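Okay, structure first, notes after.
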2 protein chains.
Amino acid sequence: MSEPERLSKRNAIRLENEQRILSAAEKVFAEAGFGGATMQLIADMAGLPKANLHYYFPTKEDLYREVVRKIFNIWLHAADSFDNAPGPVEGIGAYIDAKMEISRRHADGSKVWASEVMHGAPVIQDYLETTLRDWTAGRAALIQRWIDEGKMAPVDPRHLLYMLWATTQHYADFGHQIETLNGGKPLSDKQWKAAKESVKSIILRGIGAL
Amino acid sequence: MSEPERLSKRNAIRLENEQRILSAAEKVFAEAGFGGATMQLIADMAGLPKANLHYYFPTKEDLYREVVRKIFNIWLHAADSFDNAPGPVEGIGAYIDAKMEISRRHADGSKVWASEVMHGAPVIQDYLETTLRDWTAGRAALIQRWIDEGKMAPVDPRHLLYMLWATTQHYADFGHQIETLNGGKPLSDKQWKAAKESVKSIILRGIGAL
DNA sequence: TCGCTTCCTGACCGTATGGTCAGCTTTGAG
DNA sequence: CTCAAAGCTGACCATACGGTCAGGAAGCGA
């Protein structure tokens with residue numbers, strides 16, 4: 001995060017293994033939930049002995065917390081799309097694009113995040129009350145400004161944000177359902193593009209920004 | 001389901017206990033997920049000895065399956081709002097109302113459903129491939145008809161349906177997040193009404209039906 | 001009342017899981 | 001080259017969990 005990290009063999013090994021473990025954990029937690037996931041399965045998937053997992057992450061909860069933290073940061077970063085936008089069409093449009101891309105590229109992480117929140121956010125409640133609360137207040141204010149400037153219809157900024165989160169996240173969390181309804185096949189590139197366009201056009205028109 | 005069920009004391013006891021168990025199970029599964037839920041906890045919450053649970057529902061999976069089936073039926077029933085509607089404003093509007101009400105009244109069930117789908121629908125895959133697929137095809141056709149009749153803009157019916165599911169379900173599944181962002185308090189009656197109106201107005205305007 | 005069925009439950013069991021640890025190997029600074 | 005620190009792991013442990021079962025209590029048709 002801060003230091004450039006001299007790449008000694010030790011550091012390389014550490015990074016490599018942590019990465020393998022986190023990656024495997026994300027998948028297993030997404031597929032089975034926290035309670036259903038087992039350290040043994042994560043270890044197998046990472047190609048390491050179980051005891052080695054506990055060397056890097058002392059407890060299952062520590063590992064889980066790290067996975068959640070990781071996706072939360074990706075999630076927050078998508079907010080950048082919002083900034084420096086002259087109006088809702090660019091800002092919200094870019095945000096939808098970014099979040100749809102996250103749903104596609106980080107489907108497992110998204111599921112872990114959804115699961116965590118659904119179960120009452122036992123390990124990231126503090127993030128919700130600080131970082132997320134601030135983030136939300138900031139964006140709501142920005143949306144309100146756009147409304148005041150006549151760039152969009154007077155909708156409740158909070159509910160608009162919830163709608164953005166819901167619609168984009170849905171393509172990850174309910175991906176299996178969508179896939180089933182798509183004849184059992186994952187959405188193609190073309191279909192993903194169509195999904196993005198659908199969401200954008202309905203919402204942007206819905207808030208009177210088009 | 002079929003017989004009027006003579007209400008002998010036995011039947012009464014059976015119904016009462018099954019209800020208590022299903023109700024407790026819904027809550028526990030929603031809070032902890034399938035893997036994290038324990039029969040002991042469900043038993044305690046239902047006020048019955050654990051062995052009694054296994055008398056009514058032989059395995060944890062049997063119990064879980066029943067909980068999922070129950071919410072799925074409620075979910076499907078909301079579809080009735082769609083029917084006999086002269087156009088999208090009435091049909092989709094009523095559907096949003098119905099699904100928002102489900103999110104409010106059956107938040108636990110909604111979470112269980114979401115969890116089930118998120119984890120690949122291990123126990124209700126067949127429902128997705130039959131009942132849900134048919135349901136979706138029917139509604140998509142209805143929406144297409146409305147488009148052809150010029151009652152709304154030409155949007156992709158599938159993605160519109162996904163959007164309806166996502167936005168309404170969000171208020172149940174991510175209820176904890178919304179509550180946190182609402183100062184830690186559940187949405188009031190007034191706020192729920194505002195949520196419904198926000199969703200309806202954005203979507204109906206978004207599909208050019210207003 | 002009889003006798004069969006349903007309902008109920010404490011005690012028990014096998015297993016899987018999260019986690020520990022002693023002792024090994026590898027790395028790299030001095 | 002030395003040796004302390006970091007990395008690694010097979011074997012092990014305590015616990016908690018899903019599920020079983022023998023045997024008792026309650027309901028109820030005849």
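A note on names: the letters A, B, ... follow the listed sequences, proteins ahead of strands, and every chain is numbered from 1. Predicted model only: the values in this text are computed from it and were never measured. Computed from heavy atoms alone, side chains included, the values below leave out hydrogens, waters and symmetry copies.
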Subject >> For atom CD1 of Ile21(A) and atom C1' of dC8(D), their distance in whole Å >> reply: 11 Å
Original post:
Looking only at side-chain N and O atoms, does Arg14(B) come under 4.0 Å of OP1 or OP2 in dC7(C)?
Top reply: yes
Original post:
Can you find a side chain N or O atom of Tyr55(A) that sits less than 4.0 Å from OP1 or OP2 on dT20(C)?
Top reply: no
Original post:
What nucleotide among dG19(C), dT9(D), dG19(D) has an atom nearest to a side-chain atom of Ala51(A)?
Top reply: dT9(D)
Original post:
How would you label the contact of Phe57(A) with the nucleic acid (heavy atoms, under 4.0 Å): base, sugar-phosphate, or nothing?
Top reply: nothing
**OP:** Considering just the side-chain nitrogens and oxygens of Asn17(A), establish if one lies under 4.0 Å of OP1 or OP2 belonging to dC8(D).
**Re:** yes
Subject >> His54(B) NE2 to dG19(D) P, straight-line distance once rounded to whole Å >> reply: 5 Å
**OP:** Identify whether any heavy atom of Leu48(A) sits under 4.0 Å from a base atom; if not, whether one sits that close to sugar-phosphate; answer base, sugar-phosphate or nothing.
**Re:** nothing
Subject >> Nearest-Å distance for atom pair CZ/C1', residues Arg20(A) and dC8(D) >> reply: 14 Å
Original post:
Among side-chain atoms of Tyr162(B) and Gln177(A), is any donor-acceptor pair under 3.5 angstrom?
Top reply: no
**OP:** Would you tell me if any nitrogen or oxygen in the side chain of Ser8(B) comes within less than 4.0 Å of OP1 or OP2 on dC28(D)?
**Re:** yes
**OP:** Scan side-chain atoms only and decide if His176(A) and Gln125(B) contain a donor-acceptor pair under the 3.5 Å cut-off.
**Re:** yes
Subject >> Selection from dA26(D), dG7(D), dC8(C) that lies nearest to any side-chain heavy atom of Arg10(B) >> reply: dA26(D)
Original post:
CG of Asp126(A): more than 12 outside heavy atoms within 6.0 angstrom?
Top reply: yes
**OP:** Whole angstrom is fine here: how far is it from CD1 in Ile42(A) over to C1' in dG19(C)?
**Re:** 14 Å
**OP:** Select from Ile13(B) and Lys50(A) the residue whose nearest nucleotide in DNA chain C is closer to the 5' end of that strand.
**Re:** Ile13(B)
Original post:
Roughly, in whole Å, what's the span from CD in Gln40(A) to P in dG18(C)?
Top reply: 9 Å
**OP:** Anything under 30° is parallel, anything over 60° is perpendicular, the rest tilted; go ahead and classify Trp75(B) against Phe72(B).
**Re:** parallel
Original post:
Looking at dG19(C), does its base get a donor-acceptor pair with the side chain of Lys60(A) below 3.5 Å?
Top reply: no
Original post:
Quick one: Glu16(B) CD to dC8(C) P, roughly how many Å, whole number?
Top reply: 10 Å
**OP:** Could you work out which one of dG19(D), dC8(D), dT9(C) sits closest to the side chain of Asn52(A)?
**Re:** dC8(D)
Original post:
Which part of the nucleic acid does Ala37(B) contact within heavy-atom distance under 4.0 Å: base, sugar-phosphate only, or nothing?
Top reply: sugar-phosphate
Original post:
What is the distance from CE of Met39(A) to C1' of dT15(D), rounded to the nearest Å?
Top reply: 17 Å
**OP:** Can you tell me the distance, in whole Å, between the CG atom of Asn11(B) and the P atom of dT6(C)?
**Re:** 11 Å
Original post:
What residue among Gln169(B), Lys99(B), Arg104(B) forms side-chain contact (heavy atoms from CB on, under 4.5 Å) with Ser110(B)?
Top reply: Gln169(B)
